[in-house]
Number of protein chains: 2
Amino acid sequence: MPAGDGDTADKAEIADRRETGTLGKLMLLLDIVTNADAPMRFTDILAVAGQPRGTLHRQLSHLSEEGLLEVDPDGRYAPGLRLLALASRSWARNEFRLIAEPHLRSLQELTGETVHLGVLRGSSVIYLDKVEGRQPVRMYSQIGNASPVYCTGVGKAALSVLPDERVHALLADMSFHQFTPSTRTSRTLLAELAEIRLSGNAFDREEHEVGIRCVAAPIHSDDLSFVGGISVTGPAYRLTFERLNDWAEPVRQAAKSIMSSMRIGLGPRR
Amino acid sequence: MPAGDGDTADKAEIADRRETGTLGKLMLLLDIVTNADAPMRFTDILAVAGQPRGTLHRQLSHLSEEGLLEVDPDGRYAPGLRLLALASRSWARNEFRLIAEPHLRSLQELTGETVHLGVLRGSSVIYLDKVEGRQPVRMYSQIGNASPVYCTGVGKAALSVLPDERVHALLADMSFHQFTPSTRTSRTLLAELAEIRLSGNAFDREEHEVGIRCVAAPIHSDDLSFVGGISVTGPAYRLTFERLNDWAEPVRQAAKSIMSSMRIGLGPRR
DNA sequence: AATTGAGTTCTGAATAATGGAACTATCGGG
DNA sequence: CCCGATAGTTCCATTATTCAGAACTCAATT
């Protein structure tokens, strides 16, 4: 039979049909267990996984043998330590994070507030790094987290550098959850992106969480294969609107420095 | 075929034969890419993976589609952000870590040095948490890392609570790398474990890294299904042998508190 | 234009995953 | 003590995925 051309559409009606075979099913299980609030028993997983018992049992066994899941003495499944090991290695060596780190640090010292580095992934922002003030506060907390684009400073900053058609494509299949009274909707977001393009700064004025504000600026590679941003975040009582404006410039500067370091570090192919 | 007892050896000559089918092969690839110092090209992976080209290509595609790997514009493979997301969720909700956290914190405040929480996994110690002093030092750095048991305070502490036969089993297939002049060997280690059992404290006297010392104490569940430890770590010039002794007691106390919290938190089944 | 190197796609054959059912605990009453 | 649940595990013929090698495309070199 000839290679796939015209009518592959009739097959792909079901949204994002994954073509990852066995792996896809296993990842689904990993997601289920990882997202649960507590370790899950076999039957709990069975109820949501939509797999026959025999199948599910083997899949869970394989995941456990690989250390991706762990079984406690009661037979309940929890995320495995292997995940930590994999993540820590990749995080520690992430080229982009390494390049940005010193800049994040100096921005933190300048402002005294928490500094975030995030990248755009689909219609979410994933935080890659975070530099906090003196408080011995929770590390890891935010890193790796996926947050919506439309209600985070980094998210809006990232969107602002994308061409209109890509923004529209993203907005098309995105649902806007009203986290706080100030959370943006599809309409107001587009207007705001225009402003961000002009000023070079995005703001989060308690749009994701009441009491939390931030100033952000976009970071991107020349070909837009990489799009993200950095932000300075803090409690509303300290980050008055005046303060946010004071820091808009330094945040833009830091973003700019990171982008030049990227061109040196990654730019000229090998 | 009967369950594993006497002579499974003939089959298991080749170290840790995995029985996880497709998943095992994929995890091997993940390990290769995650351990590399830089993103790898297809051919680089091909050279070490020992798979036919067509096969490898499909496997890498699947991993990339799932976000476990990422392909940069040059076609080089790097660890994917999905790993971070999975790990951050599991870390944040890890029951044991949550229970230990406040205790680690107060130990940190008391000593002013870095406090670690680690668990025994096979013949390695995996660090689950870390509380540092005021310096805005690298988060993640150590967390998820696997270090040898025989040259870390936490590792030796953990070994000290295991019954002799389990210790011997572990030592059997363990190779002792001489990290520093003081690194323990198989022989000296056994003698040291005896001391640790008596005193309740393990020490790392620059055995893993020159200039770094620590005091540790074991933590374990009643049935030994969980074995780990906590430690106070710092530079040799600050952690004199006298200091190490001063903190031996508080470290033991903290370990004890964590164990009682565990019994309350996890103890009575469901 | 011809050659090499790198990556991708195709194919029947081999293998591992599937799913239903039968089996074995373990528990709570009566 | 036995009965019936509920929870988890193992078995095995069937089926779908994966495998491996070769053919193919594409770009950079000579």
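Every chain is numbered from 1, with letters handed out A, B, ... down the list of sequences. The shown structure was predicted, so the numbers you read here are calculated from the model rather than taken from an experiment.
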Are any of the side-chain nitrogens in [X] or [Y] under 4.0 Å away from the carboxylate oxygens of its partner?
X: A:Asp222; Y: A:Arg263; result: yes
X: A:Asp72; Y: A:Arg41; result: no
X: B:Arg121; Y: A:Glu70; result: yes
X: B:Arg105; Y: B:Asp129; result: no

Rounding to an integer number of Å, can you tell me how far [X] [atom1] sits from [N] [atom2]?
X: A:Leu26; N: D:dT17; atom1: CG; atom2: C1'; answer: 13 Å
X: A:Asp72; N: D:dA7; atom1: CG; atom2: C1'; answer: 15 Å
X: B:Gln59; N: C:dT15; atom1: CD; atom2: C1'; answer: 13 Å
X: A:Arg58; N: D:dA16; atom1: CZ; atom2: C1'; answer: 12 Å
X: A:Leu63; N: C:dA17; atom1: CG; atom2: C1'; answer: 14 Å
X: B:Leu60; N: D:dC19; atom1: CG; atom2: C1'; answer: 15 Å
X: B:Leu56; N: D:dC19; atom1: CG; atom2: P; answer: 10 Å
X: A:Lys25; N: C:dA16; atom1: NZ; atom2: P; answer: 16 Å

Within the 4.0 Å limit for protein heavy atoms, which parts of nucleotides 21-30 of chain D are touched? Write it as a string from 5' to 3', B for base, S for sugar-phosphate only, - for none.
B-B-------

Among the candidates [options], find the nucleotide nearest to the side-chain atoms of [X].
X: B:Phe42; options: C:dG7, D:dT17, D:dT9; value: C:dG7
X: A:Thr43; options: D:dT18, D:dA7, C:dA6; value: D:dA7
X: A:Tyr77; options: D:dT9, C:dT18, D:dC19; value: D:dT9
X: A:Arg41; options: C:dT18, C:dG7, D:dG8; value: D:dG8

State whether [X] places a side-chain N or O below 4.0 Å from either non-bridging phosphate oxygen (OP1 or OP2) of [N].
X: A:Thr22; N: D:dT18; result: yes
X: A:Gln51; N: C:dG19; result: yes
X: B:His57; N: C:dT8; result: yes

Nearest heavy atoms of B:Ala216 and B:Ala157, plus distance in Å:
CB-CB, 4.2 Å

Can you find a side-chain donor-acceptor pair between A:Thr20 and B:Glu65 that sits under 3.5 Å?
no

By nearest-heavy-atom nucleotide on DNA chain D, the more 5' of A:Asp44 and A:Leu23 is A:Asp44

Pick out which of B:Val167, B:Leu159, B:Leu171, B:Leu189 makes a side chain to side chain contact (heavy atoms under 4.5 Å, CB included) with B:Val149.
B:Leu159

